[in-house]
Amino acid sequence: MKILVVGGGGREHAVIKKLKENKEVEEIFALPGNGGIARDAKCVNIGATDIEGIVSFAVENGIDYAVVTPDDPLVLGCVNALEEKGIKCFGPRKEAAIIEGSKAFSKDLMKKYGIPTAEFETFSDMKKALSYLETAPIPTVIKADGLALGKGVIIAQTREEAKNAVISMMQDKAFGKSGETIVIEEFLEGPEVSVLAFTDGKTVKPMVSSMDHKRALDGDRGLNTGGMGTIAPNPYYSEAIAERCMKEIFLPTINAMNAEGRTFKGCLYFGLMITENGPKVIEYNCRFGDPETQVVLPLLESDLLTVMLATTNENLDETEVKFKDECACCVIMASEGYPVKYEKGFEIRIPSDIEDKVFVAGAKEENEKLLTNGGRVLGVTEIRNSLKEAIDASYEDVKKISFDNAFFRKDIGQRALLAAEV
Ligand code: AMP
Ligand code: GLY
């Protein structure tokens, strides 16, 4: 089988390493991939949003199955375009990817179908948004409607801050078109849990839960990033909570999408907050999370390609999705200054004995050397019987990897450890 993977981050590296475990897989192409992925797949210099380029490549190279993981190509209709040429895909069609592509859509969906989420109002008129803020409860949360690289969410602690956020999104267009419509929502409190789930539009099979660490600095301080590390499973996700989520959130979401004529197939990501009043949806993503995937897939015991094909062929109910009863920790090594300004081009040294634990994100290959080429450079994942051991092992690996200006959080998993002890 010839497989194409669209994307070029740590998440795609984790997907590719797992797909390679299946003996049916003859060849994997990554579009565009990166310098680290090049060691596990053939990288082709076609961008993840170049839908025409991706389709032409797939047709010309006799691709049997395409795995589309980043949000942009999914929202742009990459799966629709490939399917039109008869190429089977893992991932939702454009009509379903809107669940991430438009926060106004996903909030309306949840309201219409009674799926628990923060109270909210949607605005496309700035004056109305500003006047609403005169009396809205504070803190409040302002979200740009469209995709904004995870940066389109502002938690305003004061009325002034909230108004400034609205002005920067709607008048100054800080997020371009993504901020023309905004959602203002209730501030929720409680631990956050990420749950990725495979679905074929009928059956939902959740993966092991995980916890992201979104802020740049230790102690959850600093700016929001794409994610500085993850652990799995998430100790806040008890069996009782999992049962409630299935009944109150996962199945209702799949059914709601079907009722809207937008059947979702692929990986649906539920960003949840476990509030005093039960689990609520913070956000949906139409894809695997990054860096959640880097802890979730290494724990997958079942064959990834088989499960992916089951979502496409709609026989997920008969397909086993099993996870190891172990713990994983992924520590992201980034470039100093990320997520704002950072230098690139430094040589990365990874000892060969831990190479299989490393998922490369922002790196390029030059003269057989791996050089830093992005904010998040790589992630290191270790699996152990206990969370504590997994954390220690990941940090041992981090010590062995070096590049100039390397920067990483020292406390990945510490909050989960405390929670697990309670
Ligand atoms: P999102 O991109 O929607 O996941 O938001 C990014 C982060 O902002 C989330 O991971 C939460 O930590 C935080 N956040 C989003 N919505 C809310 C909310 N309604 N209440 C509190 N925190 C929120
Ligand atoms: N780690 C969060 C995301 O992938 O959006």
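All residue numbers in this chain count up from 1 along the given sequence. Order of listing sets the numbers, starting from 1, for every ligand and every atom in it. In this text the structure is predicted, and so the values were computed from the model without any measurement.
Ligand-side atoms of ligand 2 in range of Asn285: 3 (C), 5 (O), range being under 4.0 angstrom from any heavy atom. Close approach of ligand 1 to Val153 is summarised as follows: ligand atoms under 4.0 Å from at least one heavy atom of the residue are 1 (P), 2 (O), 3 (O), 5 (O), 8 (O), 15 (C). Against a heavy-atom cut-off of under 4.0 Å, Gly226 is close to the following atoms of ligand 2: 1 (N). Each of the following atoms of ligand 2 lies closer than 4.0 Å to a heavy atom of Tyr269: 2 (C). Taking every heavy atom of Glu192 and a limit of under 4.0 angstrom, the matching atoms of ligand 1 come to 9 (C), 10 (O), 11 (C), 12 (O). Those atoms of ligand 2 that come under 4.0 Å of a heavy atom in Gly289, given as number and element, are 4 (O). The contact set between ligand 1 and Lys143, taken as ligand atoms under 4.0 Å from a residue heavy atom, comprises 3 (O), 15 (C), 16 (N).
Each of Thr140, Val141, Val183 was evaluated against Phe120; a single residue qualifies, Val183, per the side chain to side chain contact (heavy atoms under 4.5 Å, CB included) test.
By the criterion of a heavy-atom distance under 4.0 Å, neither the backbone nor the side chain of Arg11 is placed next to ligand 2.
Under the 4.0 Å criterion applied to side-chain N and carboxylate O atoms, Lys399 and Glu396 are assigned as salt-bridge partners. Ionic pairing of Lys112 and Glu260 is present here: one or more N-O contacts between side-chain nitrogen and carboxylate oxygen are shorter than 4.0 angstrom. With salt bridges taken as basic N to acidic carboxylate O contacts below 4.0 Å, none links Lys205 and Asp200. Salt bridge absent: Lys111 and Glu119 never bring a charged side-chain N and a carboxylate O closer than 4.0 Å.
Nearest heavy atom pair, residue Ile16 against residue Ile28, reads O-CD1, 4.0 Å. Of all heavy-atom pairs between Cys89 and Leu82, the closest is SG-CB, 3.5 Å.
Geometric assessment of Lys344 against the ring of Phe346 yields a negative cation-pi assignment under the 6.0 Å and 45° thresholds.
Any N or O atom pair closer than 3.5 Å counts here, and Asp212 shares at least one such pair with ligand 2. Looking at Phe187 next to ligand 1, no N or O pair under 3.5 Å apart turns up. Residue-to-ligand polar distances keep Lys214 apart from ligand 2: every N/O pair is separated by 3.5 Å or more.
The protein atom (non-hydrogen) at minimum distance from atom 5 (O) of ligand 2 is Arg287 NH2, 3.0 Å.
Residue contacts with ligand 1 include Lys103, since one or more of its heavy atoms lies under 4.0 Å from the ligand.
Taking each of Ile155, Val141, Ile282 in turn, the one with a heavy atom nearest to atom 13 (C) of ligand 1 proves to be Ile155. Of the listed options Glu283, Glu100, Glu185, Glu283 places a heavy atom closest to atom 4 (O) of ligand 1.
Aromatic ring orientation, Phe408 versus Tyr395: tilted (interplanar angle from 30° to 60°). Aromatic ring orientation, Phe250 versus Phe270: tilted (interplanar angle from 30° to 60°).
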